[in-house]
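Here is the structure we will look at, set down as structure tokens.
Numbers restart at 1 for each chain; the letters A, B, ... are given by sequence-line order, proteins then strands.
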Amino acid sequence: MNVLITGASGNLGRRLADRLETGGATVWRALREEPDGERQLQLELDDRQSVRAMIEESKPDQVIHLAAWVDVPSSFDDPAGVYSVNVLGTLEMLKALRERDVPARFLYLSTSHVYGIPPENVELIDEETPARPVSPYAASKLAAEDAIRLYGRISKIEPVVIRMFNVVGEGLPTTSVCSAIARRVLAVVNGEEKCPLKVGNLKGLRDFIVLEDALDGILATLEKGRVGETYNLCTGHGTSIEQILQELARVAGVEITTEIDPSLLRKVDPPRVIGNAVKLARDTDFSASRPIEEAIAALYRDIAG
Amino acid sequence: MGKKKALITGITGQDGSYLAEHLLGLDYEVHGLLRHSIHQEYPNIDGVKDRITLQSADLTDQMSLYRVIEAIEPDEVYNLGAMSFVPASWTQPILTSEVTALGATRLLEAIRAVNPKIRYYQASSSEMFGKVQAVPQTEETRFWPRSPYGVAKVYAHWMTVNYRESYDLFACSGILFNHESPRRGLNFVTRKVTDGAARIKMGLQKQIRMGNLEAKRDWGFAKDYVEAMHLMLQADAADDYVIATGETHSVRELCEVAFARVGLNWEDHVVIDERFLRPAEVDLLIGDPTKAKSKLNWQPRTTFKELIELMVDADVKRYEDAK
């Protein structure tokens, strides 16, 4: 069983690759960095040759496609760039896989960003909720999903799409909200920042899934997700950044007070963006169950070193 | 004499919340154990949270349990707290054991240290029977658990029995078969169907996908079952009891009753999806509650039809209120 993982140097990618290898799979890791081991491939998604070579070399039975342009703000500056990486790069993978003409399970990591701003009366965003992206990044992910679903219908590729909500835990990218908040708490501990911290609106409810649950969920979907289906990977519960901040403060042993800085308020800031987790649970028996408090502690330990 | 005091672990769950309401109705002073959490919303106990006291403690932390029991000195402790999600017990077997198995021992130790007269109820489960060794299952039937959750429950059951026999604690193990209610999680098949019927009636979806319609279960109403827990601790002698209806019903019947309640024909809305079919072996879980009926004078008061109908009504109301 050859499993190809793109984005294999990322937080999720490297952990998934390790787990699958431990489970006995032959894992090919595709990443942007110089390969420094067996079965590692260098991948530039907007380089057609690079993508073709990756598929030809790894001859995958299963693909977990995590590699992407993930930065939202810069996608506004270069929308063609984000489409090139996320859509055209993915299309090149699909084209190469179709040409192999053998069944290949294709698990795509998409994002809850594709939903955009949820309609007002929606309590939990389920997979039938209309996807109305509000950034070029999110639109590119939705376009990639459609390309993948297309190839599911015209080839032996067996697509399964995951829409991941927010991950919390260790190893998060420095641009993530949780990571930024944890660094501010550390700054207070070190005396580099003083309370009250200037913040925007911290009360919005978002859906945070613990890293270990996200990994388990991805693996459960890889194994049991129904071909052609799209699944939210989330908890169904809302947590506010304020709650996360206070828990970080508790873990760090400091008291944190905050003050709203109007310049930090966002123009568009929905009060709740929480996913409905039932479809994935019904099809795979997976449900996120780990307590967020431990993930917040792990996040702090990771940042504090 | 004063009010009797009860401490309930797992008070925010389905059983814990019904038990809290039942004991409040019997004029108990009710305390509940709560793990530290950044979230403070517990919908199941919304109706009673002004009348109960929540204590911070954790089943993995011996000292926290000792401190709470020492501070309250309850007359009765009901250990309902557990990692109740069977599939999660496969990915987190160690934590499952810490909470669901060792949690019981920690509580029993705390009771023994503070006041061995405190009465203890252990929430045991038909999951312990697993690969059933007799049909129907009674208190004498051999256990054969089939998941880390089931094994943890077996451990906790035997610890309860052992402390009763070794230290003369008034400790009881209640072996409850499947018990449902409007507070049951959506992943459980009963709520999957009742919620599905409600959603279809409200025009929110068109069909539900099911597995084996002939699968049978012994389903009761959680509200009836928590009464048995209390009765066990009032008896003259401590003992273990199977709590069940003794009847089985198929998933097909579940669908028939649920959809009829909203005036729909289930066959128009139920699609068989082979993905939901479980492996061939059938675990025929049917409990025999004869001992509970004769010794505790307990019996289930809600029929299968009434149970499913009240769950459908609650789900419909939920969607109507949200409109």
Margin query: Can you see whether B/F188 has B/R184 sitting over its ring - NZ or CZ less than 6.0 Å from the centre and within 45° of the normal?
Written below: yes
Checklist line | Side chain / backbone / both / neither for B/Q92 at chain A, heavy atoms under 4.5 Å | finding: side chain
Check: If you tally heavy-atom pairs under 4.5 Å against chain B, which of A/P291, A/A281, A/A288, A/S287 wins?
Finding: A/S287
Checklist line | chain B contact via A/D126 - which portion, at a heavy-atom distance below 4.5 Å | finding: side chain
Note to self: Determine whether B/E41 and B/K49 satisfy the following criterion, salt bridge (charged side-chain N to carboxylate O under 4.0 Å, His left out), listing intermediate values before the conclusion.
What the structure shows: CA-CA 11 Å; B/E41 301 132 30; B/K49 60 176 191 269; over 6 Å; no
Check: For A/Q243, is it the side chain, the backbone, both, or neither that has a heavy atom closer than 4.5 Å to a heavy atom of chain B?
Finding: both
Item checked: Side-chain donor-acceptor contact under 3.5 Å, A/T239 with B/H39 -> yes
Next item on the list: Determine, stepwise, if the pair A/D269 / A/R206 fulfils salt bridge (charged side-chain N to carboxylate O under 4.0 Å, His left out).
Entry: CA-CA 11 Å; A/D269 195 3; A/R206 300 291 182 267; 3.1 Å; yes
